[in-house]
**Q** 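Here it is, the structure, as structure tokens.
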Amino acid sequence: MKKSKTILLLGMILTALFSVNAAAEDEAEATEAAADIAASAKDAEAAAAEMAEGYTIGVSYYDPEDFEGIAFREYFDNYLGTAFNAEFYYNSESIDSAEDEIAFVEELHEQGIQGIISFMSTYVEDVLPVCEEYGMYYICGSGTITEEVYDSVKDNPYFLGVVGPTDEDEEQAGEYLAEKLSALDEGQNASYLVVSGGSSLGNEMHRLRTVGILTKLQEIYGLTYDQSAEELAELSEETEISTGTDVRITILPGYLTDGTAVGSAAATGEYDMVISCMTIANAITYITDAEAENGYDIKVGMVDCFTDQNYAFFNEKDVNGDSKLNCLVGKYGAVVAPAFVAMSNAYAGYAEDFRDEGSAFWLHQTYWYAADTEEFNEQYALSIGISENTYSAADMMQVMKLFNNEADFDAYREFTEK
């Protein structure tokens with residue numbers, strides 16, 4: 001950061017902090033207020049000076065090579081890092097358990113890093129006590145947790161909160177994929193491969209999306225399941241479920257980080273529809289190969305992100321002249337901005353100012369939807385256009401106490417949920 005920018009940053013903070021109401025009616029109250037401001041100014045000045053020199057935030061993601069994770073990382077590094085002189089420390093190995101994320105927290109602590117933006121909302125209850133021990137702030141950067149989990153952690157002072165879709169948004173994501181892909185089967189009795197991801201492993205986002213997929217397919221085709229959609233979503237082994245019709249549905253659970261499991265299923269020639277509650281971008285090439293080998297088209301829909309890779313899949317054709325990817329419910333890189341703002345406020349000593357009536361916040365963002373190439377391209381253009389982005393640096397500065405002493409939780413909520 002240039003010296004002039006550092007001086008400006010410190011000047012803005014000190015100007016705001018040393019403003020005292022000269023019209024105070026009681027001299028004793030004014031003296032006490034001035035003392036409080038002076039004390040807080042000393043802490044804020046130290047935080048401002050430290051952050052002006054640059055600061056580092058930990059970021060955890062279940063698969064560092066996942067395309068959604070890469071999109072987030074590009075936004076962190078290329079936009080936020082440049083705009084705010086921040087650096088980010090990522091996990092280099094996949095995180096498949098609470099123990100894995102705890103090990104990463106230990107690694108962050110050894111590096112002297114004071115906060116982690118996690119995209120692993122599954123393990124909040126297990127990881128947060130370790131963060132508290134180290135005085136490390138933790139936020140769910142873009143995810144969904146259950147009310148029970150939220151209630152159990154909301155009063156921990158090192159848990160900043162959750163930013164992500166509502167339960168209804170998650171189920172709607174699955175319903176949307178099922179509805180749009182079923183419309184492409186042209187009245188045939190389709191065979192579906194439903195990738196349920198971490199549904200059986202405590203991943204609430206994946207569970208809700210899978211419930212949405214199964215519920216909508218049941219409605220569209222008049223299916224009769226032997227178990228409820230909620231029970232089927234939590235199957236932990238590959239299972240062809242009973243539907244009471246000629247429509248076939250196989251549940252394929254697991255995070256499937258290399259795409260081979262989906263590719264092997266597609267290669268059998270048994271499926272003409274693949275719906276996934278998580279990214280399966282690393283399986284698209286396998287699916288395209290299976291189409292060429294078996295001589296028929298496979299429709300693909302998934303929850304992922306508006307990435308360069310998915311742009312290619314929508315705009316490139318398979319051997320049948322169809323898009324390689326047919327439907328997407330997704331996030332965009334800048335969706336992580338509110339989590340960064342919250343963590344930056346905490347680093348600067350203002351964590352308490354951004355709690356929701358004393359508790360960790362739970363704020364919501366919606367998904368973007370694309371049912372064809374044209375819709376995807378329109379959303380993709382917005383996602384990569386920094387000047388048109390939902391969260392610009394100028395917007396962020398308005399809800400960061402280091403830049404705007406009037407910033408408060410209500411303003412942050414409006415900024416996040418707009």
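This structure is a prediction, so every number in the text was calculated from the model and none was measured. We number each residue from 1, following the sequence as shown. FYI, side chains are in, hydrogens and waters are out, and symmetry mates aren't considered; it's all heavy atoms of this structure.
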**Q** Taking Ser236 for the side chain and Ser200 for the main chain, is one N or O donor matched with an acceptor at less than 3.5 Å?
**A**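 No, the answer is negative, given that no donor and acceptor are paired below the 3.5 Å cut-off.
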**Q** Say whether Asn315 and Ser323, considering side chains only, have a donor N or O and an acceptor N or O under 3.5 Å apart.
**A**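 No, no side-chain donor-acceptor pair sits under 3.5 Å.
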**Q** Any heavy-atom pair between the side chains of Met396 and Phe84 that's under 4.5 Å?
**A** yes
**Q** Could you check Asp77 against Tyr90 for side-chain contact (heavy atoms from CB on, under 4.5 Å), going step by step and ending with a plain yes or no?
**A** CA-CA 11 Å; Asp77 291 339; Tyr90 307 97; 2.8 Å; yes
**Q** Taking the ring of Phe354 and the ring of Phe409, is the distance between their centroids below 6.0 Å?
**A** no
**Q** Is there a side-chain contact between Asp226 and Ile241, using heavy atoms and a 4.5 Å cut-off?
**A** no
**Q** Counting C-beta onward and ignoring hydrogens, is there a side-chain heavy-atom pair between Thr279 and Met302 closer than 4.5 Å?
**A**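 Yes, their side chains come closer than 4.5 Å.
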**Q** Of the options Tyr380, Phe314, Tyr332, Trp368, which is the one that meets Phe306 in a ring-ring contact (aromatic ring centres under 6.0 Å, His included)?
**A**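 Between Phe306 and the candidates, ring-ring contact (aromatic ring centres under 6.0 Å, His included) is satisfied uniquely by Trp368.
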**Q** Distance-only, no hydrogens or angles: does the Glu417 side chain make a donor-acceptor pair with backbone N or O of His364 under 3.5 Å?
**A** yes
**Q** Run the numbers on Tyr61 and Glu68 for side-chain hydrogen bond (donor to acceptor under 3.5 Å, both in side chains), then give the verdict.
**A** CA-CA 10 Å; Tyr61 202 79; Glu68 180 181 84; 2.4 Å; yes
**Q** Between Ala371 and Cys327, which heavy-atom pair has the shortest distance, and what is it?
**A** CA-SG, 4.2 Å
**Q** When Phe88 is tested against each of Tyr75, Phe72, Phe76, Tyr79 for ring-ring contact (aromatic ring centres under 6.0 Å, His included), which residue passes?
**A**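 Result for ring-ring contact (aromatic ring centres under 6.0 Å, His included) with Phe88: Phe76.
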**Q** Nearest 0.5 Å please: distance from the CD1 atom of Ile298 over to the OG atom of Ser191.
**A**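 The CD1 atom of Ile298 sits 10.0 Å away from the OG atom of Ser191.
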**Q** If you take all heavy atoms of Ala233 and Ser199, which pair is closest and at what distance?
**A**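 Closest pair (atom of Ala233, atom of Ser199, distance): O-CB, 2.9 Å.
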**Q** Does either side chain, that of Tyr55 or that of Ser344, offer a donor lying less than 3.5 Å from an acceptor on the other one?
**A** yes
**Q** Looking at Cys305 and Gly333, what are the two nearest heavy atoms and their distance?
**A** SG-N, 4.2 Å
**Q** Quick one: closest heavy-atom pair of Ala339 and Tyr412, and the distance?
**A**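 That closest heavy-atom pairing would be N-OH, 4.2 Å.
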**Q** Could you walk me through whether Ile251 and Leu214 pass the side-chain contact (heavy atoms from CB on, under 4.5 Å) test, one step at a time?
**A** CA-CA 10 Å; Ile251 306 293; Leu214 295 174; 3.9 Å; yes
**Q** If you take all heavy atoms of Asp155 and Ser359, which pair is closest and at what distance?
**A**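 Answer, listing the atom of Asp155 first, then Ser359: OD1-OG, 3.3 Å.
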**Q** Among Tyr391, Phe340, Phe361, which residue satisfies the ring-ring contact (aromatic ring centres under 6.0 Å, His included) criterion with Phe415?
**A**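 Of the listed options, the one satisfying the test is Tyr391.
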**Q** If you define the side chain from C-beta out and look only at heavy atoms, does anything of Glu106 sit under 4.5 Å from Tyr134?
**A** yes
**Q** When rounded to the nearest 0.5 angstrom, what distance separates OG1 in Thr210 from CD in Glu171?
**A** 10.5 Å
**Q** Counting C-beta onward and ignoring hydrogens, is there a side-chain heavy-atom pair between Glu170 and His206 closer than 4.5 Å?
**A** no
**Q** If you apply the rule side-chain contact (heavy atoms from CB on, under 4.5 Å), what do you find for Tyr255 with Asp63, and how did you get there?
**A** CA-CA 9 Å; Tyr255 285 114; Asp63 178 12; over 6 Å; no
**Q** Backbone N or O of Lys216 within a donor-acceptor pair of the Glu175 side chain at under 3.5 Å?
**A**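 No, Glu175 side chain to Lys216 backbone: no donor-acceptor pair under 3.5 Å.
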**Q** Would you say the side chains of Glu125 and Ser152 form a donor-acceptor pair under 3.5 Å?
**A**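 A pair is found: one side chain offers a donor N or O, the other an acceptor, under 3.5 Å apart.
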**Q** Looking only at the side chains, is there a donor atom on one of Ser118 and Glu101 sitting less than 3.5 Å from an acceptor on the other?
**A**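 The answer is yes; a qualifying pair exists.
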**Q** Work out which heavy atom in Ala266 is nearest to a heavy atom in Ile287; give both atom names and the distance.
**A**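 Nearest pair, atom of Ala266 first, then Ile287: CB-CG1, 4.2 Å.
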**Q** State whether the side chain of Thr122 and the backbone N or O of Met120 hold a donor-acceptor pair below 3.5 Å, judged by distance alone.
**A** no
**Q** Could you check whether any side-chain N or O of Thr268 sits under 3.5 Å from a backbone N or O of Ala265, counting only pairs where one atom can act as donor and the other as acceptor?
**A** yes
**Q** Would you confirm whether Asp372, through its side chain, and Glu374, through its main-chain N or O, come within 3.5 Å as a donor-acceptor pair?
**A** yes
**Q** Any luck finding a side-chain donor-acceptor pair between Tyr221 and Thr243 under 3.5 Å?
**A**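 Checked: Tyr221/Thr243 side chains show no N/O donor-acceptor pair below 3.5 Å.
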**Q** Is there a donor-acceptor contact under 3.5 Å linking the side chains of Glu231 and Tyr225?
**A**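 Short answer, no.
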**Q** Can you tell me which residue among Asp322, Asn326, Leu181, Val262 is in a side chain to side chain contact (heavy atoms under 4.5 Å, CB included) with Val300?
**A**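 The passing option is Asn326.
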**Q** If you count heavy atoms of other groups shown closer than 6.0 angstrom to CD of Glu293, is the number above 12?
**A** no
**Q** Using side-chain heavy atoms (C-beta onward) and a distance below 4.5 Å, is Tyr311 in contact with Asn377?
**A**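 Yes, close enough: below the 4.5 Å cut-off.
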**Q** Asp356 vs Lys154, test: salt bridge (Lys or Arg N to Asp or Glu O under 4.0 Å). Steps then yes/no.
**A** CA-CA 10 Å; Asp356 189 359; Lys154 66 181 181 180; over 6 Å; no
**Q** Please determine, by modelled atom types, if Thr260 and Asp258 share a side-chain donor-acceptor pair under 3.5 angstrom.
**A** yes
**Q** Between atom CD1 of Ile139 and atom CG of Leu160, what is the distance when rounded to the nearest 0.5 Å?
**A** 5.0 Å
**Q** How long is the gap from OG on Ser182 to CG on Leu177, to the nearest 0.5 Å?
**A**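 The distance works out to 10.5 Å.
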**Q** Hey, are Glu99 and Tyr123 close enough side-chain-wise for a donor-acceptor pair under 3.5 Å?
**A** no
**Q** Keeping the roles fixed (side chain from Tyr158, backbone from Pro129), state whether a donor-acceptor pair exists under 3.5 Å.
**A**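 Side chain of Tyr158 to backbone of Pro129: no pair is present.
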**Q** To the nearest 0.5 Å, what is the distance between CD (Glu238) and OG1 (Thr250)?
**A** 6.5 Å
**Q** Are the side chains of Val124 and Val162 in contact, using a 4.5 Å heavy-atom criterion?
**A**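 The answer is no, as the side chains (C-beta and beyond) never meet within the 4.5 Å cut-off.
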**Q** Is the number of heavy atoms from other residues, nucleotides or ligands under 6.0 Å of Glu87 CD greater than 12?
**A** no
**Q** Main chain of Ala360, side chain of Tyr150: is a donor-acceptor contact present, judged purely on distance under 3.5 Å?
**A**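 Checking the backbone N and O of Ala360 against the side chain of Tyr150, a donor-acceptor pair under 3.5 Å is found.
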**Q** Can you find a heavy atom in the side chain of Ile280 that is under 4.5 Å from one in the side chain of Val274?
**A** yes
**Q** Do side-chain atoms of Tyr347 reach the backbone of Thr56 as a donor and acceptor pair under 3.5 angstrom?
**A**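 Present.
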**Q** side-chain contact (heavy atoms from CB on, under 4.5 Å) between Ile116 and Met136: does it pass, once the steps are laid out?
**A** CA-CA 7 Å; Ile116 175 173; Met136 183 183 299; 4.1 Å; yes
**Q** Any sub-3.5 Å donor-acceptor pair from Asp318's side-chain atoms to Lys324's backbone N or O?
**A** no
**Q** To the closest 0.5 Å, what do you measure between CG (Leu208) and CD (Glu230)?
**A**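 Going from CG on Leu208 over to CD on Glu230, the span is 9.0 Å.
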